[in-house]
Amino acid sequence: MKKALITGSRGQDGAYLSRFLLDKGYKVYGADRGGDTGIWRLRELGIEGKVKEISLDLLEPTNIMDALEKIMPNEIYNFAAQSIVKLSFDQPVLTAEVNAVGVTRMLEAIRKVCPAARFYQASTAELFGSTGGAQRNETTAFYPKSPYAVAKLYAHWITVNYRQAYGLHANCGILFNHESPLRGEEFVTRKITAAAASIKKGLQEKVTVGNLEARRDWGYAKEYVEGMWLILQQPKPDDYILATGETHTVREFVEAAFAAAGIKLKWKGSGLSEKGLNAKTGKVVVEVSKEFYRPAEVDLLVGDASKAKLKLGWKPKTGFAELVKLMVDAELKRLEKKKVNL
Ligand code: NAP
Ligand code: GDP
């Protein structure tokens, strides 16, 4: 039986990957900082209690050494991170400690304790910054635009360095945004889908967002974890992009989410005074505020996952409209379940 260690296992990707690996017959160890945060995700996937819990903070080297010595994993997926781009502008040092130095702590521990283990580092499309309309591939230069992305850039290169210097099976998945009903509400997609469902049910009046013109390449997280696993099954370590190759604006996401909830939107005004109105009732359901803008913005992201398709046989299946709809449907179902349980 193969043993996998997943850090950040109660986050979105950790939960989906735990489920995926359990289904494949792995013994799965989930490393988290403790407390109840994120356990709801494992519950929703029906795997609460099936993942062996390990207490681990990437800030604490002793935790990492102890976990590796105890488990001696075959595969390690490092998802633990301060993953919120906007928050990284307010907590740049903490973000660097966890997202950059934390990965070095992990790699050093692997080198000393279990050098034969295969390692996956969660790199990100944010490494590219926004560099025009062309799709990014594994040879495109990086130009990070946030403390989050700068820290992840360090993590990316230290992973490549440990591969080259020590021969570790160390891999980076450069993943474009991937979303799901298990996404944190700090991220724009889940914020919008949760709000659209609440507004539809009369539980909320409106949602306030930031930059409506930012474009992202949004895929379905459940499919991306299979790509991560495939990366670790390759005989040679390498770096791969996972992406859909399509890009949409936040505005398009808002329109699609409200449409999926049965609300047609009409836009009025511009800039910070722009409002999204329920076309039928005339009520304001979307507002824009500076609060959700960033000091530096990545305007456009779109990825080219040809290498993953060719070498891993991986490609995304769920399109944009389908993804938005499945997220809104999940929120509506949650609200109905909550009502029944009241
Ligand atoms: P997520 O839901 O935010 O999960 C991150 C996890 O990291 C949480 O379980 C969090 O635990 C944990 N964590 C935070 N600080 C930690 C620390 N100091 N020590 C140990 N654990 C810590 O993120 P995700 O969407 O699943 O993404 C997984 C990884 O992929 C992240 O590294 C993210 O940056 C990267 N990534 C994500 C995307 C995407 O679109 N989702 C795209 C590219 C890259 P708490 O609950 O205790 O905070
Ligand atoms: P990111 O790509 O990892 O930063 O994922 P997010 O979901 O946090 O943000 C995606 C894009 O949506 C960024 O360009 C944000 O500026 C934009 N955006 C617009 N309004 C909001 C909002 O209210 N919250 C968040 N998180 N992002 C927003």
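First listed ligand is number 1; within each ligand, the first listed atom is number 1. If you read the sequence from its start, that first residue is 1, and numbering goes on from there.
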Distance filter under 4.0 Å to [X] heavy atoms, resulting ligand 1 atoms:
X: A80; result: 7 (O), 20 (C), 21 (N), 22 (C)
X: D32; result: 9 (O)
X: N177; result: 40 (O)
X: T124; result: 43 (C), 44 (C)
X: G8; result: 6 (C), 7 (O), 9 (O)
X: G11; result: 2 (O), 4 (O), 9 (O), 26 (O)
X: A122; result: 29 (C), 30 (O), 32 (O), 35 (C)
X: L56; result: 20 (C)

Take R190 and E331 through the salt bridge (charged side-chain N to carboxylate O under 4.0 Å, His left out) test and state the conclusion after the steps.
-> CA-CA 9 Å; R190 175 87 199 292; E331 298 299 341; 2.5 Å; yes
Under 4.0 Å from any heavy atom of [X], which atoms of ligand 2 are there?
X: V250; result: 12 (O), 17 (C)
X: K191; result: 22 (C), 23 (O)
X: E297; result: 13 (C), 14 (O), 15 (C), 16 (O)
X: G210; result: 19 (C), 20 (N), 21 (C), 23 (O)
X: V85; result: 3 (O), 4 (O)
X: N177; result: 1 (P), 2 (O), 3 (O), 5 (O)
X: A214; result: 14 (O)

E255 and R251: CA distance, side-chain angles, deciding distance, salt bridge (charged side-chain N to carboxylate O under 4.0 Å, His left out) verdict = CA-CA 6 Å; E255 286 167 357; R251 182 188 299 281; 5.3 Å; no
At a 4.0 Å cut-off, with the gap strictly under it, does some heavy atom of [X] reach an atom of ligand 1?
X: E186; result: no
X: R183; result: yes
X: S123; result: yes

Do any nitrogen or oxygen atoms of [X] come within less than 3.5 Å of a nitrogen or oxygen of ligand 1?
X: A125; value: no
X: L58; value: yes
X: S83; value: yes
X: R33; value: yes

Please report which non-hydrogen protein atom sits nearest to [atom], along with the residue it belongs to and the distance in Å to one decimal place.
atom: atom 40 (O) of ligand 1; answer: H178 N, 2.9 Å
atom: atom 26 (N) of ligand 2; answer: E186 O, 2.9 Å
atom: atom 43 (C) of ligand 1; answer: L175 O, 3.2 Å
atom: atom 2 (O) of ligand 1; answer: Q12 N, 3.0 Å
atom: atom 13 (C) of ligand 2; answer: R216 NH2, 3.4 Å
atom: atom 9 (O) of ligand 2; answer: R294 NH2, 3.3 Å

For atom 36 (N) of ligand 1, which of Y148, F187, Y224 has the closest heavy atom?
-> Y148
Considering I6, D57, D13, which one's heavy-atom position lies nearest to atom 26 (O) of ligand 1?
-> D13
Could you walk me through whether F128 and F142 pass ring pair (Phe, Tyr, Trp, His ring centres under 6.0 Å), step by step?
-> CA-CA 4 Å; F128 295 119; F142 298 132; 5.2 Å; yes
Looking only at heavy atoms, is any part of V188 under 4.0 Å from ligand 2, and if so is it the side chain, the backbone, or both, or is it neither?
-> both
W314 and Y224: ring pair (Phe, Tyr, Trp, His ring centres under 6.0 Å), yes or no, with the steps?
-> CA-CA 9 Å; W314 179 89; Y224 283 45; 5.1 Å; yes
Using the ring of each side chain (for Trp, its six-membered ring), is H248 parallel, tilted or perpendicular to F320, with breaks at 30° and 60°?
-> parallel
Heavy atoms, side chains only, cut-off 4.5 Å: are Y154 and N99 in contact?
-> no
Would you call V286 and F258 a side-chain contact if the rule is heavy atoms closer than 4.5 Å?
-> yes
Determine yes or no for a side-chain-to-main-chain donor-acceptor pair under 3.5 angstrom, with [X] supplying the side chain and [Y] the backbone.
X: H169; Y: Q234; result: yes
X: K325; Y: A259; result: no
X: W218; Y: T244; result: no
X: Q12; Y: G184; result: no

Please confirm whether E126 comes under 4.0 Å of ligand 2, counting heavy atoms of the residue only.
-> yes
Looking at ligand 2, does K86 have a heavy atom less than 4.0 Å from it?
-> no
Looking at Y240, does the NZ or CZ of K307 lie under 6.0 angstrom from its six-membered ring centre and within 45 degrees of the ring axis?
-> yes
K70 to Y29 six-membered ring, cation-pi geometry met (6.0 Å, 45°) = no
Steps toward salt bridge (charged side-chain N to carboxylate O under 4.0 Å, His left out) verdict (E97, R105) = CA-CA 10 Å; E97 281 290 350; R105 290 186 192 102; 2.9 Å; yes
Heavy-atom protein neighbour under 4.0 angstrom from atom 10 (C) of ligand 1 = no
Answer yes if I47 and L21 sit in the same cluster of Ile, Leu, Val, Met, Phe, Trp and Tyr residues linked by side chain heavy atoms under 4.5 Å apart, and no otherwise.
-> yes
Between K333 and D329, does a salt bridge (charged side-chain N to carboxylate O under 4.0 Å, His left out) hold up when you go through it step by step?
-> CA-CA 6 Å; K333 242 186 232 149; D329 286 350; over 6 Å; no
